[in-house]
Amino acid sequence: MQASCGGMELRPALLAWYRRNARDLPWRGTRDPYAILVSEVLLQQTRVEQARGYYARFLAAFPDLNALAQASEEDVLRVWAGAGYYRRARNLHRLAQAVAKTGLPAAPAELEELPGIGPYTAAAVASIAFGKPVAAVDGNVRRVLARLFTVDVPSARWLQETAERLLDRAGPGVWNQALMELGSLVCTPKRPACATCPVARFCQGKGAAERYPLPRARRRTAVSATALVLKGAGGYVLERRDGRVLGGLWGFPLAEGKGAREHLLSRYGLASARPLGTVEHAFTHKKLTIRVYAAPWSGPDEDPNARPLSVLDGKILALAERGPGP
DNA sequence: AATACGGGGCC
DNA sequence: GGCCCAGTATT
């Protein structure tokens with residue numbers, strides 16, 4: 001960045017703004033690398049306000065690497081339940097078991113070898129917890145850089161190089177957070193506040209923010225599914241999911257597509273079941289419409305309150321307890 | 001480079 | 001109902 005003629009340069013301008021406007025977030029008050037790691041994993045594709053509660057809850061349950069390493073996977077998932085992307089919890093658990101003895105590595109390359117740690121989280125932890133001079137590029141930084149330099153489809157390589165060039169090597173952790181905070185509070189996806197932006201005079205995309213970066217293509221397909229509510233003496237029949245979706249969590253017997261109902265009935269040796277209602281649940285990539293059927297059950301069952309359930313299965317549980325509605 | 005992967009909040 | 005978030009792993 002060139003020194004400006006009549007004012008401050010970009011770096012001090014952003015840092016001055018950050019000092020005055022940084023939100024008081026719980027993970028900003030700690031130097032504990034483990035706590036910072038937990039916050040960063042929780043923040044993967046998750047809004048700050050949503051992550052707040054889970055952060056407090058997770059650290060209360062597992063205050064350090066050893067506590068997490070010694071917990072059962074199911075306990076970890078129970079605390080994580082509702083936060084989504086459950087692979088994150090299972091990876092964090094595995095990570096703790098891998099480094100409980102040695103402690104977290106400080107080098108980004110070593111961090112990135114750990115399960116669930118990609119380029120962003122490795123850079124964030126290395127810079128914020130260990131002061132390493134590496135740029136952390138998240139969705140906020142991507143948007144800020146695309147607008148600063150009017151790049152409509154920024155590649156991962158360009159983003160990393162540009163962020164490294166801009167990085168304040170004297171205080172990389174604060175710098176990375178300042179850039180993200182700007183994207184979160186000022187340089188927002190819709191209607192950015194260019195009029196009050198501390199770096200507007202350095203920004204080539206000011207006033208045409210909607211063009212930088214261009215929105216990514218997405219689609220969500222509609223999928224029908226069937227769930228089975230088998231109520232026994234002590235709870236319900238719950239299965240431990242082992243697929244990619246909701247892996248490790250427990251839930252009602254569920255199957256997608258045609259013949260799902262017959263498939264489930266035969267799995268439990270049932271001739272019929274009565275319709276209980278419908279549950280809708282949207283994932284990032286598909287929208288599920290689940291027809292829920294109920295039947296009596298006298299075999300082994302599970303207490304749903306004692307098992308980690310996803311929000312989806314919470315909806316089915318609510319329907320089961322409420323009975324067929326109006 | 002493209003796709004799968006949860007949930008919540010905002011317009 | 002669409003959009004998108006302090007992304008990662010897999011293909």
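Below, chain A is the first sequence line, B the second, and so on; all start at residue 1. From a predicted model like this one, the values you see are computed outputs, not experimental measurements.
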- Selected nucleotide, minimal atom distance to A:Met180 side chain, candidates C:dA6, B:dG8, B:dG6: C:dA6
- Query: In whole angstrom, what separates A:Tyr85's OH from C:dA6's P?
  - Reply: 13 Å
- Task: Under 4.0 Å between any heavy atoms, over every strand shown, what does A:Ile128 touch: base, sugar-phosphate, or nothing? Just pick one.
- Result: nothing
- Task: Have a look at A:Phe283 and say if it touches a base, only the backbone sugar-phosphate, or nothing, with a 4.0 Å heavy-atom cut-off.
- Result: sugar-phosphate
- Looking across every strand, which nucleic acid part, if any, lies under 4.0 Å from A:Ser310 by heavy atom: base, sugar-phosphate, or nothing? sugar-phosphate
- Message: Taking the nucleotide of DNA chain C with the nearest heavy atom to each, does A:Gly116 or A:Pro215 sit closer to the 5' end?
- Response: A:Pro215
- Item | Nearest-angstrom distance from the residue atom CH2 of A:Trp175 to P of C:dA6 | 18 Å
- Give me the one residue out of A:Leu249, A:Leu317, A:Ile316 that meets side chain to side chain contact (heavy atoms under 4.5 Å, CB included) with A:Leu309. A:Leu317
- Query: Do you know the tightest heavy-atom contact between A:Ala135 and A:Asn176?
  - Reply: CA-OD1, 3.6 Å
- Measure from NZ on A:Lys315 to P on B:dG8 and round the result to the nearest Å. 8 Å
- Message: Work out how far the P atom of C:dA6 is from that of B:dT3, and round it to whole angstrom.
- Response: 23 Å
- Are any side-chain N or O atoms of A:Trp17 and backbone N or O atoms of A:Asn21, one a donor and one an acceptor, separated by less than 3.5 Å? no
- Message: I'd like the P distance from B:dG8 over to C:dA9, given in whole Å.
- Response: 23 Å
- Query: Is the gap between the ring centers of A:Trp27 and A:Tyr55 under 6.0 Å?
  - Reply: yes
- More 5' along DNA chain B: A:Tyr54 or A:Arg191, using each one's nearest nucleotide? A:Tyr54
- Message: Let me spell it out: for each of A:Ile117 and A:Gly183, pick the nucleotide of DNA chain C with the closest heavy atom. Which residue's pick is nearer the 5' end?
- Response: A:Gly183
- Message: Regarding C:dG7, can its base be found pairing with the side chain of A:Thr121 as donor and acceptor, where the two atoms are less than 3.5 Å apart?
- Response: no
- Query: Just to confirm, is there a sub-4.0 Å distance from OP1 or OP2 of C:dC5 to any side-chain nitrogen or oxygen of A:Arg143?
  - Reply: yes
- Please state how far atom CZ in A:Arg87 lies from atom P in B:dG7, giving the value in whole angstrom units. 14 Å
- Rounded to whole angstrom units, what separation is found between the OH atom of A:Tyr55 and the C1' atom of B:dG7? 21 Å
- From B:dG6, C:dC4, C:dG7, pick the nucleotide closest to the side chain of A:Thr46? B:dG6
- Item | Integer-rounded Å distance: C:dC4 P and A:Arg47 CZ | 10 Å
- Cut-off 3.5 Å, side chains only: do A:Gln204 and A:Tyr212 have a donor facing an acceptor? no
- Specify the separation, in whole Å, of atom CZ of A:Arg88 and atom P of B:dG7. 10 Å
- Side chain of A:Arg244 only, please: which of C:dC3, C:dA6, B:dC5 is the nearest? B:dC5
- Message: Nearest to the A:His281 side chain among B:dG7, C:dC4, B:dG6, which nucleotide is it?
- Response: B:dG7
- Task: Please determine, for the side chain of A:Gln44, which listed nucleotide (C:dT8, B:dG9, B:dG6) has the closest atom?
- Result: C:dT8
- Item | Which nucleotide in C:dC4, B:dG8, C:dA6 has an atom nearest any side-chain atom of A:Val311 | B:dG8
- Task: With the side chain of A:Lys287 defined as its heavy atoms from C-beta on, choose the nearest nucleotide among C:dC5, C:dT8, C:dG1.
- Result: C:dG1
- Item | Donor-acceptor pair present, A:Arg216 side chain and C:dC4 base, under 3.5 Å | no
- Atom P, compared across C:dT11 and B:dG6: separation rounded to whole Å: 16 Å
- Item | Base of C:dG7 paired with side chain of A:Tyr120 (donor-acceptor, under 3.5 Å) | no
- Mind checking A:Trp80 for me? I need base, sugar-phosphate or nothing, with any heavy atom below 4.0 Å counting as a touch. nothing
- Task: Nearest whole angstrom, please: distance from the P of C:dT8 to the CD of A:Gln45.
- Result: 9 Å
- Given the rule in the salt bridge (charged side-chain N to carboxylate O under 4.0 Å, His left out) test, do A:Arg241 and A:Asp313 qualify, once you have shown the distances and angles that lead to the verdict? CA-CA 11 Å; A:Arg241 306 203 189 289; A:Asp313 286 290; 2.8 Å; yes
- Query: Using 30° and 60° as the class limits, which term best fits the ring planes of A:Phe283 and A:His281: parallel, tilted or perpendicular?
  - Reply: perpendicular
- Report yes if at least one side-chain N or O of A:Tyr86 is closer than 4.0 Å to OP1 or OP2 of B:dG7; otherwise report no. yes
- Note on the structure: Sorted by position of nearest nucleotide on DNA chain B, 5' first, the leading residue of A:Glu49 and A:Leu246 is A:Leu246
- Message: Looking at A:His285, I'd like to know whether one of its side-chain N or O atoms comes within less than 4.0 Å of OP1 or OP2 on B:dA4.
- Response: no
- Within the structure shown, what part of the strands sits under 4.0 Å from A:Ala156 by heavy-atom distance: base, sugar-phosphate, or nothing? nothing
